[in-house]
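Because the structure is a prediction, the values reported are computed rather than measured. Order of appearance sets the numbers: ligands from 1, and atoms from 1 within every ligand. By convention here, the first residue in the shown sequence is residue 1.
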Amino acid sequence: MRIIKCKDYDDMSRKAANLLSAQVTVKSDSVLGLATGTTPIGCYQELIRRYQDGDLDFAAVKSINLDEYRGLTGDHVQSYRYFMNNQLFNHVNIDKANTFVPDGMCKDAEAECREYDQRIQELGIDMQLLGLGHNGHIGFNEPDKVFEKETHCVDLAASTIEANSRLFAEGEEVPKQAYTMGIGGIMQAKKILVLVSGEAKADILKAVCTGPITPEVPASILQLHNDVTIIADEAAASKLNL
Ligand code: GLP
């Protein structure tokens, strides 16, 4: 694991955008694995700026997202499809037909998951962007007794529902289930980029990087990947002995 410590959130976002930009510049038809959450928003803004400046071209890029809430349509403001359109896709020249997010409204969950895995296999992810949940989850792979390899429907942990409720309107129910790429899908990406910001993630980041590899801390599996870069701001990296 390569750990890049940066000053603050903006610095983290710029450095992440540097690596993603380099990826797309070197390989214009890159397949990017993309993430939601508040952490990557600054990075997406930076990518949009670079596209507007003429420094980045997404025309041949394909993307595949980590996860989606079960039961939300793509035009629901809290759906991850809506998030991606709003935070990135609507502002750059990516072809939306080349952007993939699990279908939260699919009728046949099992078939949707198998198709998603097939797509991951076919596309092959060049660079996977990840955030980190407070309990060590990646995508929506929650702490568990085993690592789930494949795309699956997951019951969200109470702490995740609570953490994500801040993003929903008052009184609006936070979905209790989601579809997520499995650990196998994430680990087959050629390169993985993890963004971590804020003091509240310092303990879990330490466990991820230096603790035992255990499904109780899903992101700890990343210790076994041979090309992981963690970009953490000072607050998040404060418990790491770098
Ligand atoms: C959600 C997403 C994750 C994300 C995590 C952290 O649960 N499914 O992909 O990494 O939240 O979110 P934030 O970046 O807002 O802390």
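- Using a 30° and 60° split on the angle between ring planes, Tyr69 and Phe168 fall in the perpendicular class, above 60°.
- Asn141 places a side-chain N or O within 3.5 Å of a backbone atom of Ile138 that can act as its donor or acceptor partner.
- Looking at Leu66, Val196, Leu195 one by one, the single match for side chain to side chain contact (heavy atoms under 4.5 Å, CB included) with Leu130 turns out to be Leu66.
- Residue, atom and distance of the protein heavy atom nearest to atom 16 (O) of ligand 1 are Lys201 NZ, 2.8 Å.
- At a 4.0 Å heavy-atom cut-off, ligand 1 touches Asn164 through the side chain alone.
- Among protein heavy atoms, the minimum distance from atom 12 (O) of ligand 1 is reached at Gly37 CA, 3.9 Å.
- Below 4.0 Å from some heavy atom of Arg166 lie the following atoms of ligand 1, by number and element: 15 (O).
- Counting protein heavy atoms only, atom 2 (C) of ligand 1 is closest to Tyr80 OH, 3.7 Å.
- Those atoms of ligand 1 that come under 4.0 Å of a heavy atom in Thr39, given as number and element, are 13 (P), 14 (O), 16 (O).
- Within ligand 1, counting atoms from 1 as listed, the ones closer than 4.0 Å to a heavy atom of His137 are 1 (C), 3 (C), 5 (C), 7 (O), 11 (O).
- Atom 6 (C) of ligand 1 has Leu132 O, 3.7 Å as its closest protein atom, hydrogens excluded (heavy atom only).
- Of the protein's non-hydrogen atoms, the one nearest atom 8 (N) of ligand 1 is Asp67 OD2, 2.8 Å.
- Between atom NZ of residue Lys62 and atom CZ of residue Phe100 there is a gap of 7.5 Å, rounded to the nearest 0.5 Å.
- Without hydrogens or angle criteria, Glu150 side chain to Arg114 main chain gives no donor-acceptor distance under 3.5 Å.
- Looking only at protein heavy atoms, the nearest one to atom 15 (O) of ligand 1 is Thr38 OG1, 2.6 Å.
- Heavy-atom distances between Gly139 and ligand 1 reach below 4.0 Å in at least one pair.
- Those atoms of ligand 1 that come under 4.0 Å of a heavy atom in Gly131, given as number and element, are 10 (O).
- Assignment of Met181 to the shell around ligand 1 is not supported, since no heavy atom sits closer than 4.0 Å.
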